[in-house]
Amino acid sequence: MVLTGKRSEKGPACWKRRVKSEYMRLRQLKRFRRADEVKSMFNTNRQKILDRTDILNQEWKTRRIQPVHIMTSCTADSGFSEFSKQVIPLKTLNAVASVPVMYSWSPLQQNFMVEDETVLHNIPYMGDEILDQDGTFIEELIKNYDGKVHGDREGVISLSQYSDNEEEDEEEEEQQDFKVEKMEVCDGKEHPEEPRKEVLKFPSDKIFEAISSMFPDKGSTEELKEKYKELTEQQLPGALPPECTPNIDGPNARSVQREQSLHSFHTLFCRRCFKYDCFLHPFHATPNTYKRKNLENLVDSKPCGIECYIEYPAGEVAEQAKTPSKRTVGRRRGRLPNSSSSRPGTPSVSSETKDTDSDREGSRAALVKCSVLVFCAEGNSRCQTPVKMKLIGEAEAVEWSGAEASLFRVLIGTYYDNFCAIARLIGTKTCRQVYEFRVKESSIIARAPAEDEDTPPRKKKRKHRLWATHCRKIQLKKDGSSNHVYNYQPCDHPRQPCDASCPCVTAQNFCEKFCQCSSECQNRFPGCRCKAQCNTKQCPCYLAVRECDPDLCLTCGAGDNWDSKNVSCKNCSIQRGAKKHLLLAPSDVAGWGIFIKEPVQKNEFISEYCGEIISQDEADRRGKVYDKYMCSFLFNLNNDFVVDATRKGNKIRFANHSVNPNCYAKVMMVNGDHRIGIFAKRAIQTGEELFFDYRYSQADALKYVGIERELEIA
Amino acid sequence: MSGASCKANGAVYPASSAVMNSVKKPKMEQIQADHELFLQAFEKPTQIYRFLRTRNLIAPIYLHRTLTFMSHRNGRSNARRLSSHLQLTFTGFFHKDEKPSQNSENEQSSVSLEVLLVKVCHKKRKDVSCPIKQVPTGKKQVPLNPDSNQTKLGSYPSLLVSSNEFEPSNSHMVKSYSLLFRVSRTGRRAANGLVNGEANENIDVIDTPSRKKRSSSHREEGETTETFVAQMTVFDKNRRLQLLDGEYEVSMQGMEDSPVSKKRATWETILDGKRLPPFETFSQGPTLQFMLRWTGDASGKSTAPVAKPLATRNSDSSSPMETRTTVKESVSTDIKTRKEQVLCEPRQKLRIFYQFLYNNNTRQQTEARDDLHCPWCTLNCSKLYSLLKHLKLSHSRFIFNYVPHPKGARIDVSINECYDGSYVGNPQDIHSQPGFAFSRNGPVKRTAVTHILVCRPKRTKPSLSEFLESEDGELEQQRTYVSGHNRLYFHSDSCMPLRPQEMEEDSEDERDPEWLREKTATQLDEFTDVNEGEKEVMKLWNLHVMKYGFIADNQMNQAIMLFAENTGAHIVRRNLCRNFLLHLVSMHDFNLVTTATIDRAMARLRQIKEELPDAEEEEQQQGQALVSAGACNGNSITSTGGKQGKRTKSALTD
């Protein structure tokens with residue numbers, strides 16, 4: 001730390017100078033730190049390589065190297081008489097044929113969606129001669145990215161990056177300045193470190209003034225102050241951003257609403273991939289509009305034990321509570337100091353209050369301490385049970401931690417009034433306590449949804465009619481419209497049928513099980529009822545170029561036999577990843593090629609063509625580079641997206657182009673996603689190289705075919 | 001090399017003064033230019049094939065007799081052999097010592113011969129040396145120095161060794177059988193007059209150097225009796241037959257002279273203190289001539305098939321360690337010629353005309369051979385069919401076309417333009433042993449490859465017509481389509497050669513490659529508004545889904561249970577039970593699982609919790625093992641704080 005330590009004149013100019021020097025120092029520090037990081041990274045990588053080399057060397061040592069037949073001997077003559085001639089037998093090793101060039105790529109078995117790149121990540125190198133003869137290419141390329149090139153901080157090109165960087169610097173700087181300030185404060189004392197531990201003092205305004213004058217674009221003094229506050233606050237241990245719910249298993253768990261507890265899970269979960277923050281679907285629907293299919297065991301009819309709440313007369317209350325009441329107004333007891341479930345002072349309490357403000361009038365009625373609101377079906381009146389009173393009095397002592405309270409609210413939304421189950425799941429409370437808590441919280445608890453009154457009981461007949469229309473629709477779709485295939489996106493338009501305004505309908509896609517529309521939606525694909533293998537046009541799924549949906553096609557076997565490879569339905573290979581074993585070797589045609597290990601029959605599934613899913617625009621930009629390289633792994637998926645196997649992919653990316661191929665590609669709708677399947681065009685023998693015709697699969701992407709196309713026609 | 005092969009080379013090699021078929025006398029230059037063209041076409045391949053021939057002689061890759069079309073070269077068939085008797089017909093005992101005419105006129109016209117079958121048995125534990133049994137098989141009077149022209153075949157004394165003798169005996173396992181010939185000759189001469197040294201009794205080709213001459217101790221007291229012995233192995237210790245049908249001449253050895261210690265013994269023949277060339281023994285020394293044949297029944301003819309054992313093997317695949325070449329040659333060539341004439345070419349001699357076509361088949365030269373030896377590798381093919389087949393298969397740099405000829409056969413030889421000399425062997429051999437995969441300095445440890453080869457090609461009857469030039473000529477020249485993995489494969493991630501033991505597993509095709517597992521963890525870590533407990537459960541779940549690849553809603557109940565089972569202990573240890581429950585409830589909200597599943601999963605979790613011995617202690621050990629699947633454990637608490645993240649979940653829903 002550079003510190004003058006002198007309380008020199010405090011002119012703004014002087015401060016400004018200090019700010020500047022401090023800024024420079026910080027920048028330098030940062031640079032050093034970065035250099036160190038790079039160095040250590042390099043060293044760790046180096047170490048990894050060395051380790052690997054050691055392993056390989058060990059392996060080589062164990063190999064028995066034969067004495068090679070000595071043909072000649074090598075002599076080295078020093079030219080000085082005192083050194084004798086060195087003779088060593090000459091050992092020649094035969095040359096091993098080199099393998100074709102392969103650029104590194106990451107293995108993948110499922111498509112991976114990536115965003116458009118706004119910055120050119122690197123300037124492609126294609127050999128000096130291309131660079132020389134065609135300098136305009138790079139220029140044009142950079143123009144495609146609005147002049148943005150990654151890591152170009154000094155240049156004019158990436159101003160935004162630069163400023164980002166500076167801001168960071170500044171933040172640090174501010175903190176650093178804070179220390180300076182502290183030092184000044186404690187100047188003259190023996191231990192300069194000591195005051196740091198004291199309660200943080202707010203730095204003087206001068207500093208902010210100086211900074212703001214030095215960097216006018218970073219805002220006014222006040223803004224900087226705010227920012228400073230913000231930044232320093234974060235340093236507190238265990239602090240989380242305000243929008244983050246504390247860990248329910250952690251010590252700081254708070255009592256929050258159900259939605260808040262489940263918010264992360266709901267928003268991040270991909271209902272199509274069953275994963276959180278999946279790689280394929282950028283937008284996830286939240287479950288709030290999903291209707292529950294059926295109401296499972298809402299209440300255990302039997303008491304869970306001697307202590308069960310059902311055993312008590314008040315149990316009836318619970319029984320009745322679940323019956324739908326006409327009273328929609330929540331009843332809520334006022335905040336009572338002694339029964340407050342959450343710890344005083346936690347924000348959750350306030351939120352609770354806020355949430356339930358509307359219930360004020362109801363709460364006023366429930367003033368009586370520990371009273372229980374009983375819904376009498378006939379009278380809607382409230383009565384107090386003396387027994388209850390007594391019991392509740394006992395239970396008062398029970399403390400509900402924030403986590404427990406949150407958990408209760410979560411569970412009540414699922415289990416409704418099955419208090420026994422809730423208690424079991426919470427684990428630390430008895431069902432009676434849960435029940436009592438439930439009573440306290442009664443106002444904010446959702447009613448168990450009634451039997452879905454809007455959907456009439458399903459009729460077979462209707463289903464069949466639906467079926468027939470579908471088959472017709474498929475046919476219609478097939479010959480009627482153009483070749484344009486649009487990406488599927490689950491539709492979400494509550495209380496509106498899937499009509500012409502529905503995105504699925506306009507994109508000429510069926511509604512899938514992921515759509516928010518009702519399962520009776522006319523646009524839904526009903527699945528097939530095949531009992532055969534679903535590999536002929538008899539199967540509506542096959543006809544619609546879809547794979548059988550394991551949740552819809554219940555008879556063909558697409559949803560059975562998860563463990564075995566023997567699935568009766570042959571139309572679910574892509575989703576199950578039932579690919580063939582492929583082997584990589586130098587191609588007989590050009591570069592690398594892919595070879596099949598075992599023979600396959602005609603029309604058998606071989607592999608999915610996986611890669612990054614990029615937008616058409618991105619594909620255009622990338623394609624320009626690939627064009628120059630004369631090598632492209634782009635593959636049109638649908639009107640919106642392209643599969644690019646350049647960076648990520650699987651082995652089938654090595655299949656070469658041929659005008660007389662043994663494989664063909666087919667884009668299929670697989671559980672809501674378009675995916676590319678590679679199938680055998682004819683019976684293929686063991687060890688044959690695989691080819692497919694890029695022209696059919698890549699439509700207009702033929703221009704990227706490059707090297708293989710030229711070489712191969714022969 | 002043998003004279004025969006030399007002759008063959010000389011005849012074939014085009015560089016030598018080839019016989020031109022030009023009738024008239026063209027100008028010298030023309031001849032030279034023509035010759036130049038001829039050389040251009042045939043020199044290189046011929047050199048290659050000559051090299052290969054020599055290599056094959058030194059270290060054969062395969063034996064020609066194992067080829068189907070060369071089956072007649074295989075003189076052995078074990079099945080028949082063991083059940084046949086050994087018939088020995090003795091033609092005479094030759095001993096040309098000094099002045100044979102002196103006293104051999106009347107009384108010395110024959111010698112008495114005793115043949116013993118020596119069985120060397122396996123050593124048992126108690127035995128010091130291998131037990132030996134000598135079974136006398138008979139005594140015969142054998143004519144001494146007979147005139148080969150006089151006597152008829154039938155009059156020779158013959159002896160039959162029953163096949164029973166070669167059956168395994170009950171008491172001892174017999175290791176090897178050998179015949180011991182003992183000739184007693186009465187005479188006045190001192191036994192030490194003739195020093196034969198150690199006569200070479202090994203006549204057959206595949207002689208085992210380990211075979212020891214055993215001089216029998218049977219010695220007569222009387223000065224008048226000379227005893228000569230010789231021993232020949234019938235079956236060696238590997239139960240291989242060493243004596244094939246044929247005529248044998250065994251050099252005998254006097255009984256008393258064994259002055260040289262066995263250990264230093266070398267195979268030399270000494271006569272009167274001078275070294276004799278080995279071959280000389282046979283013109284001088286005591287030798288016993290007999291014919292040997294294996295017969296099916298006691299009186300029948302030879303059943304050992306086409307036995308010309310010594311000759312053929314000697315000439316084509318002479319082993320590198322032939323020590324007694326001359327002896328063998330002398331005998332074998334002798335036998336060979338006889339046998340071949342008898343067995344292989346019962347007809348009159350075939351003449352094979354080789355017509356070399358070159359210069360776009362516009363020029364030709366013809367050479368003729370009188371035997372069925374391959375001109376390039378001097379292999380005696382014995383039959384025209386075999387010769388043609390051999391030429392076609394072994395010398396594919398040429399194209400051979402057979403044309404029948406009144407005197408024998410004409411073979412048109414032209415250069416095969418579509419010859420593909422690329423390597424079609426096991427590709428592993430090249431890569432795993434760079435530089436010495438084909439070293440011939442001894443055995444090379446090859447990469448172990450197991451192939452199950454089931455090949456039952458339909459064999460057409462051998463017919464010469466298959467060598468005739470076909471109408472649609474080119475079709476035949478095409479290489480047969482080879483399917484299968486006749487190439488070296490590579491790992492797609494490292495470009496390292498795929499070793500044969502790695503063929504089966506598809507290592508790069510895992511559903512959750514490491515980078516993807518890491519990616520999902522870091523991606524979740526980036527969220528600023530997701531707390532660490534949620535993150536950890538989400539990561540665990542993602543890894544779980546990626547590992548098993550669930551694709552259907554109806555799998556979810558099962559997936560949850562499996563999740564609880566696999567990661568339950570970790571969840572309990574990391575104190576994530578409530579987050580786990582939240583995850584379940586969320587799944588339920590998405591309509592993917594039933595409450596029953598939640599109940600069951602939580603019950604299982606509680607069970608695991610109880611079973612878990614002491615969470616704190618175990619954590620260190622098990623924690624690592626369990627979470628090795630994901631990189632999510634370590635950093636969940638320390639680094640997943642709000643700071644590093646850049647994304648927010650709320651931004652996702654926009």
Side-chain angles (χ1 to χ4, degrees), chain A residues 64 66-69 92-94 96 99 102 106-107 109 240-241 243-250 261-262 264-269 271 274-277 284 286-287 290 292-293 296-297 403 407 410-411 414-415 421 425 550-551 559 562 575-577 579 581 583-585 651 671 685-687, chain B residues 430-431 434-436 439 441 444-445 483-490 492-493 495 506 508-509 511 513 515 523-524 528-534 538 541-542 545 549-556 575-579 581-583 585-586 588-591 594-596 599 602 642 649 652-653:
Chain A
R64 272 183 36 203
Q66 285 236 334
V68 179
H69 185 64
T92 39
L93 295 179
N94 291 356
V96 175
V99 295
M102 185 192 289
S106 305
Q109 296 307 326
L240 284 170
E243 67 269 28
C244 183
T245 321
N247 187 0
I248 195 165
D249 279 313
S261 299
L262 286 171
S264 303
F265 289 100
H266 280 171
T267 47
L268 292 185
F269 187 74
R271 195 242 168 281
F274 309 115
K275 281 187 285 232
Y276 290 100
D277 193 33
H284 307 136
T286 44
Y290 282 108
R292 308 187 60 170
K293 279 182 197 135
E296 311 132 305
N297 50 331
L407 212 53
V410 166
L411 291 171
T414 305
Y415 283 83
L425 291 176
D551 296 312
W562 293 113
Q575 52 186 305
R576 289 189 179 227
K579 60 187 178 302
H581 192 156
L583 296 161
L584 180 76
K651 283 194 205 167
N671 296 338
Q685 304 275 323
T686 302
Chain B
I430 291 182
H431 274 264
F436 55 89
S439 144
N441 291 335
V444 178
K445 194 177 181 188
S483 79
H485 304 291
N486 51 350
R487 64 182 81 234
L488 186 70
Y489 296 109
F490 291 83
S492 58
D493 48 359
C495 290
D506 203 349
E508 297 94 7
D509 280 9
R511 218 155 6 194
W515 76 269
Q523 209 168 291
L524 282 169
T528 53
D529 51 358
V530 179
N531 68 49
E532 67 275 3
E534 291 167 338
M538 286 176 186
W541 172 254
N542 275 7
V545 174
F550 301 113
I551 48 164
D553 294 4
N554 63 31
Q555 280 179 299
M556 281 301 113
N575 186 25
L576 296 167
C577 295
R578 286 179 185 139
N579 277 300
L581 180 57
L582 287 185
H583 162 69
V585 171
S586 164
H588 181 263
D589 289 346
F590 279 100
N591 254 334
T594 60
T595 49
D599 292 342
M602 288 307 285
K649 60 188 174 190
L652 282 183
T653 43

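Below, chain A is the first sequence line, B the second, and so on; all start at residue 1. Note that the structure is a prediction, hence the values are computed from the model and not measured.
The shortest side-chain heavy-atom distance between A:Asp277 and B:Met538 does not fall under the 4.5 Å cut-off. In this structure, the side chains of A:Pro550 and B:Gln555 stay at 4.5 Å or more apart for every pair of heavy atoms.
Taking every heavy atom of both residues into account, B:Asn554 and A:Asp551 meet most closely at N-OD1, 3.1 Å. Here the closest non-hydrogen pair linking A:Met102 and B:Ser492 is SD-O, 3.7 Å. Between B:Val545 and A:Lys275, the closest heavy-atom pair is CG1-CG, 3.7 Å. Here the closest non-hydrogen pair linking B:Glu534 and A:Ser261 is OE2-O, 3.7 Å.
Here the CG-OG1 distance, from A:Leu411 to B:Thr595, works out to 11.0 Å after rounding to the nearest 0.5 Å. If you take CG on B:Asp553 and CZ on A:Phe274, they are separated by 4.5 Å, rounding to the nearest 0.5 Å. Between B:Leu581 atom CG and A:Leu407 atom CG the span is 5.0 Å, to the nearest 0.5 Å. In this structure, NE2 on B:His588 lies 12.0 Å from CG on A:Leu262, to the nearest 0.5 angstrom.
Under the ring pair (Phe, Tyr, Trp, His ring centres under 6.0 Å) criterion, A:Phe269 pairs with A:Tyr276, B:Phe590, sequence neighbours left out. Qualifying side chain to side chain contact (heavy atoms under 4.5 Å, CB included) partners for A:Ala585, counting only residues two or more places apart in sequence or in other chains: A:Phe595, B:Arg487, B:Tyr489.
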